[in-house]
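Notes for the one structure printed next.
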2 protein chains.
Amino acid sequence: MLKTVLRFGLIALALLILFQLSNVSLVIPSIPADTVIGITAVILVALGIYLGGNIKKEKVVKVEVAAPVEIDQERIQNLGISQRELEVLNLISTGLSNQEIGEKLFVSESTIKTHVSNLFVKLDVKRRTQAVTRAKEWRIIV
Amino acid sequence: MLKTVLRFGLIALALLILFQLSNVSLVIPSIPADTVIGITAVILVALGIYLGGNIKKEKVVKVEVAAPVEIDQERIQNLGISQRELEVLNLISTGLSNQEIGEKLFVSESTIKTHVSNLFVKLDVKRRTQAVTRAKEWRIIV
DNA sequence: CACGCTTTGGTACTTAAGTATGAGTGGGTT
DNA sequence: AACCCACTCATACTTAAGTACCAAAGCGTG
């Protein structure tokens, strides 16, 4: 909104300058009217490109901001998913087995199975592949 | 390249029109010089915005083309992954069980198991969760 | 037509995954 | 201190996943 006002202000300013310049050739006859008009034309086109560029830039920013996937911390809280469970969930999504996850976290496979089972209840799923899909849907993992 | 030439051509054309219009007020005195200059200024700014827009549009396209994940058909070919196997792979990634995939494709679970086993060899993995990760890495699935 | 490849299906087996249940420890709260 | 919760681990079990091997129908190519 403010930017739009600014742009119209710039255009108005440019027009004012144009009108002023149109009198230069009358005041200073040594400068030909054609030269003044040419320079003004170039300035106006440049102004247009600048304004157009800014308008398009905003659209680019919108695309880039929408792209990154942010983790929904609030949903994690609401589902009651603990830090350890989240860790396990992330490792599941990388394709590790329960045993491998256990080795990576220095706990037994038994413990991982418990975490996984609890996760399934919280995510309302029956399989680990489904858990990964659901977790990505709900922006719990990337 | 060609577009750049076109743009400069348009600018040159615009300048020509400007110079022509500057004579209109001399030819037809009923139209004030200020009006002609004003209209020309607006046209030039519009031209600038149009040109600037086109220049920026190219940049937008580059961003948008880079973002979507394209399927690497060549890699699928090289790995010798068949159409049916690809179907199964996609259903695995949605979290379905072998039995569910069989029902969805109207074939037995046995058949799905065969496809899955063959897929694992081609993807060089040992588990279905790993297969999904690998397949996404290699842009075989979305 | 023979060959290769895809798709289908089966049996039999091993292994991983998932369920159910119980239980111990330590941190933090009331 | 009593309590809750997260984390840990174990046993015993069921089910799904995965492996190995074989087999047959169909389809296009050389």
Side-chain angles (χ1 to χ4, degrees), chain A residues 71-138 140-141, chain B residues 71-138 140-141:
Chain A
I71 301 297
D72 190 344
Q73 296 293 344
E74 200 182 325
R75 176 123 49 178
I76 293 173
Q77 287 293 315
N78 293 338
L79 292 173
I81 294 174
S82 71
Q83 196 54 45
R84 200 58 159 176
E85 285 166 350
L86 204 60
E87 259 182 294
V88 173
L89 186 55
N90 274 289
L91 292 174
I92 287 175
S93 78
T94 66
L96 295 184
S97 67
N98 289 335
Q99 195 189 320
E100 286 168 337
I101 295 171
E103 285 166 7
K104 193 156 241 172
L105 300 180
F106 302 107
V107 295
S108 74
E109 190 195 339
S110 208
T111 306
I112 302 303
K113 279 190 175 185
T114 307
H115 288 318
V116 171
S117 278
N118 291 334
L119 268 170
F120 288 176
V121 174
K122 290 169 184 175
L123 292 174
D124 189 33
V125 294
K126 294 245 163 267
R127 284 173 297 281
R128 51 174 54 214
T129 44
Q130 214 182 341
V132 173
T133 309
R134 181 64 53 87
K136 285 185 179 178
E137 267 176 32
W138 290 354
I140 291 170
I141 61 171
Chain B
I71 302 297
D72 190 344
Q73 295 292 344
E74 200 183 324
R75 177 122 50 177
I76 294 173
Q77 287 292 317
N78 292 339
L79 292 173
I81 294 174
S82 70
Q83 195 55 43
R84 200 58 159 176
E85 283 166 352
L86 204 60
E87 258 182 294
V88 172
L89 186 54
N90 274 289
L91 292 174
I92 287 176
S93 79
T94 67
L96 296 184
S97 67
N98 289 335
Q99 194 188 320
E100 287 168 337
I101 295 170
E103 285 166 7
K104 194 156 241 172
L105 299 181
F106 301 108
V107 294
S108 73
E109 190 196 339
S110 206
T111 305
I112 302 302
K113 278 190 175 186
T114 307
H115 288 319
V116 171
S117 277
N118 291 333
L119 268 170
F120 288 178
V121 173
K122 290 169 185 176
L123 292 174
D124 189 31
V125 296
K126 294 245 163 269
R127 284 173 296 281
R128 52 173 53 213
T129 44
Q130 213 182 342
V132 173
T133 309
R134 181 66 51 88
K136 286 186 179 176
E137 267 176 31
W138 289 354
I140 290 169
I141 61 173

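Residue numbers begin at 1 in each chain, while the letters A, B, ... track the order of the sequences.
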Interatomic distance, A:L96 atom CG to B:Q130 atom CD [nearest 0.5 angstrom]: 7.5 Å

Taking only the side-chain nitrogens and oxygens of B:S117, find out if one of them lies under 4.0 Å from OP1 or OP2 of D:dG18. no

B:L123 pairs by side chain to side chain contact (heavy atoms under 4.5 Å, CB included) with which of B:V132, B:N118, B:L89? B:L89

State, to the nearest 10°, the angle formed by the axis through the first five base pairs of the helix from C:dC1-D:dG30 to C:dT30-D:dA1 and the axis through its last five. 40°

Rounded distance (Å) that lies between atom C1' of C:dG18 and atom CZ of B:R127: 15 Å

What is the distance from CZ of B:F120 to P of D:dA20, rounded to the nearest Å? 13 Å

Donor-acceptor pair, A:K122 side chain versus A:G80 backbone, under 3.5 Å? yes

To the nearest angstrom, the CG-P distance between A:L96 and C:dA17 comes to 10 Å

Spacing of A:W138 atom CH2 and A:N78 atom CG [to the nearest 0.5 Å]: 11.0 Å

Is there a donor-acceptor contact under 3.5 Å linking the side chains of A:Q77 and A:Q73? no

Which is more 5' along DNA chain C, the nucleotide nearest A:R128 or the one nearest B:I81? Just name the residue. B:I81

Between atom CG in A:N98 and atom C1' in D:dC9, what is the gap in whole Å? 14 Å

Detail all sub-3.5 Å separations between protein N/O atoms and N/O atoms belonging to nucleotides 7-11 of chain C.
{"residue": "C:dT7", "atom": "OP1", "partner": "B:R84", "partner atom": "N", "Å": "3.1"}
{"residue": "C:dT7", "atom": "OP2", "partner": "B:S82", "partner atom": "OG", "Å": "2.2"}
{"residue": "C:dT8", "atom": "OP1", "partner": "B:R84", "partner atom": "NE", "Å": "3.1"}
{"residue": "C:dT8", "atom": "OP1", "partner": "B:R84", "partner atom": "NH2", "Å": "2.7"}
{"residue": "C:dT8", "atom": "OP2", "partner": "B:R84", "partner atom": "NE", "Å": "2.9"}
{"residue": "C:dT8", "atom": "OP2", "partner": "B:H115", "partner atom": "NE2", "Å": "3.0"}
{"residue": "C:dG9", "atom": "OP2", "partner": "B:S108", "partner atom": "N", "Å": "2.8"}
{"residue": "C:dG9", "atom": "OP2", "partner": "B:T111", "partner atom": "OG1", "Å": "3.0"}
{"residue": "C:dG10", "atom": "N7", "partner": "B:S110", "partner atom": "OG", "Å": "2.7"}

Round to a whole Å and report the spacing from NZ of B:K113 to C1' of D:dT15. 10 Å

Using whole Å, what does the distance between atom P of nucleotide C:dC5 and atom CG of B:L79 come to? 15 Å

Return the value, rounded to whole Å, for the distance between atom CD of A:Q77 and atom P of D:dC5. 14 Å

Do B:S108 and B:T111 pair up side chain to side chain, a donor and an acceptor below 3.5 Å, judged on atom types alone? yes

For the pair A:E100 and B:K126, find out whether any cationic side-chain nitrogen is under 4.0 Å from an anionic carboxylate oxygen. no

Between B:T133 and A:S93 (side chain of the first, backbone of the second, donor and acceptor by atom type, cut-off under 3.5 Å), is there such a pair? yes

What verdict does the side-chain contact (heavy atoms from CB on, under 4.5 Å) test give for B:I141 and B:I92, after you've listed the backbone C-alpha separation in whole Å, the side-chain angles of each residue and the deciding distance to 0.1 Å? CA-CA 11 Å; B:I141 61 173; B:I92 287 176; over 6 Å; no

Could you give the CD1-to-P distance, from A:I101 to C:dA16, as a whole number of Å? 14 Å

